[in-house]
Amino acid sequence: MRIVVTSSEAVPFAKTGGLADVATGLSRALAAADHEVTLVVPYYPRHVPVDLPCPEIGTTVTVRVGQKVVEAGLRRAELPDSRLRVILVDQPMYFDRPGLYTDQGHDYQDNCERFVFFSRAVLEAVARLDLRPDVIHVNDWQTSLLPLLLEVDYRHQPGLQSTGTVLTIHNLAFQGRFWKWDMLLTGLDWKHFNWRQLEFWGDINLLKSGIVTADLITTVSPTYAREICTTEFGCGLETALGHRGDDLVGILNGVDTDVWNPARDPRLARQYDISNVADGKAVCKTDLQRELGLPARHDAPLFGMISRMTEQKGFDLIAATAERHLQHDLQMVFLGTGQPHYENLVRDLANRYPDKVAAFVGFDEGLAHRIEAGADCYFMPSRFEPCGLNQMYSLIYGTVPVVNAVGGLADSVVDATPAAIADGSGNGFVLAEYSPEALITQVDRAVDLYRDSNTWQQIVRNGMGRDWSWNRSAARYVDVYCRAHGRHAVPHQDG
């Protein structure tokens, strides 16, 4: 198939979260499966690695945004060991900024204008480069206007008459909601400002436009696909999603195993796989403890957490239970940034329990890999989690996750009951409810089972033995693309 994937971020060009990993990981997997794949992203000159060439290709696109006529250049880039083609839309007025969406914690006031421009620029680039896609795959609110723009303004263009569209919702909480007069920026007739399309409680909602217009919608896990059709998780869009019925598909994200693979991870003190995981993790654990100033102990289970320090990620539960956990003979390590009171919490724990707790407020990619390899358990008790990637990184690295049963966590982590351990499915510890008591119960279980080396190693192998790569997920996306394309394919006529 000819596939165009577009996203507001993608590794290694720019990243604020899992969207960037997914955009690149899925695109690479599709290209490796012999599909013709083009990934289109904005060019953020302050975020692209200095050693990554992104030369201009000598082609420009011109886009009308409200009363403005804006021109952008196109650049290209290549990723090592990949057939993926990457096109970057270069418009400094919109994308040469300190942050991708915010600066010093505040959204850019022209975010609507920036991504209306980008959505139109993607369609212009597709036409100018004669990509003739069978499907365009858009991601989250930043590109969700594209399916409606295609239907209204671009469907007649050569190469786009039979193009299907797929929208992936990575996190429904972020919707691209702006005041109604930003409707003028879209270039669309006001007739589209109605409750069935763009209008949402008097504002415009870019994500909603994609939900009601894209041929098919996917979310990043089967459980999250069910959750977002409920009042509790639907963020006001549950009715619009419910109307899509079988057009809404949940596909669990994959992991880029070229990056996350303990057998060839250059950041580790020792590389390992399922055949020598016990010895390999022991070396990595000692290395991590020494790096963080913790006593090098193998008898004490080490719990890691790499996360935004927010309530969504379960830090309210960590705050309520940390003192209780530390009554055990265990260690904890935290890496991330977030709300100041949670940053202060982990710093305070590290100061008061220097032999048990280490905290790194900030981010370090190498340290993240070493925590995944060196920890025995991984905290991920999220209040909600559309998919989550760190629990899958942990399973690949033989680190046993402790999770809440929501979204992709419920789809990837199976509680380690005796029966589940025996049948090869039990690979973690799952909270029965979102509460401090439930987290305490699961940490207590983990500490007890850690003392039983044979059982613990079986839990570890259960997690490592499953395929978490993008290969399985990419095949499911191809099925969705074929359905979307089929809705616009022109029947062949003989004679």
Side-chain angles (χ1 to χ4, degrees), residues 8-22 44 46-49 97-108 111 140 142 170-171 173-174 259-260 267 288 291-294 302-322 325 331-354 356-375 377-394 397 399 401-404 407 409 439:
S8 59
E9 57 185 84
V11 293
F13 308 99
K15 175 179 175 177
T16 63
L19 169 61
D21 296 297
V22 173
Y44 303 98
R46 305 191 200 186
H47 298 265
V48 174
R97 302 187 181 189
L100 272 58
Y101 318 114
T102 64
D103 185 24
Q104 298 182 347
H106 299 285
D107 289 350
Y108 291 121
N111 271 347
D140 274 353
Q142 293 92 340
H170 298 261
N171 191 335
F174 301 102
V259 177
W260 292 95
R267 299 174 174 89
L288 178 65
E291 178 179 358
L292 297 176
L294 294 172
L302 175 57
F303 287 72
M305 190 171 188
I306 308 160
S307 177
R308 284 184 292 111
M309 296 179 180
T310 65
E311 288 192 6
Q312 187 237 310
K313 296 297 186 179
F315 264 87
D316 55 332
L317 298 188
I318 298 295
T321 60
H325 300 326
Q331 296 174 334
M332 296 191 292
V333 54
F334 298 95
L335 170 64
T337 61
Q339 294 172 280
H341 58 286
Y342 291 132
E343 292 181 353
N344 292 334
L345 166 73
V346 299
R347 288 191 185 103
D348 179 63
L349 289 171
N351 288 333
R352 291 192 294 120
Y353 298 93
K356 288 190 169 187
V357 181
F360 187 103
V361 177
F363 190 72
D364 182 303
E365 185 72 21
L367 180 56
H369 284 246
R370 291 189 290 278
I371 291 173
E372 289 288 10
C377 285
Y378 188 85
F379 280 130
M380 203 166 177
S382 303
R383 184 180 294 270
F384 69 93
E385 194 68 60
C387 175
L389 290 171
N390 275 98
Q391 86 278 11
M392 290 188 278
Y393 299 158
S394 296
Y397 280 65
T399 301
V402 180
V403 306
N404 189 27
L409 303 180
L439 180 57

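Checked by atom type, the side-chain pair Thr399/Tyr393 shows no donor-acceptor distance below 3.5 Å.
In terms of heavy-atom proximity, Glu291 sits nearest to Arg370 at OE1-NE, 2.8 Å. Heavy atoms only, all atoms of each residue included: Thr102 and Tyr108 are closest at O-OH, 3.4 Å. Between Leu317 and Thr321 the shortest heavy-atom distance is O-OG1, 2.7 Å. Of all non-hydrogen atoms in Ala14 and Glu9, the two that sit nearest each other are O-CB, 3.4 Å. When all heavy atoms are compared, the tightest approach of Met305 to Tyr378 is CA-CE1, 4.0 Å. Closest non-hydrogen pair, Val361 versus Arg347, comes out as CG1-NH2, 3.4 Å.
Not a single donor-acceptor pair under 3.5 Å links the side chain of Asn404 to the backbone N or O of Phe384. Remark: side-chain polar atoms of His47 are paired, donor with acceptor, to backbone N or O of Pro98 under 3.5 angstrom.
Atom NE2 of His341 has more than 12 neighbouring heavy atoms from other residues, nucleotides or ligands inside a 6.0 Å radius.
Taking 4.0 Å as the cut-off between side-chain N and carboxylate O, Arg97 and Asp103 do not count as a salt-bridged pair. The existence of a salt bridge linking Glu365 and Arg267 is excluded, since no basic side-chain nitrogen approaches an acidic carboxylate oxygen closer than 4.0 Å.
Test Leu367, Leu288, Asn390 against Glu372 for side-chain contact (heavy atoms from CB on, under 4.5 Å) and you get one pass: Asn390.
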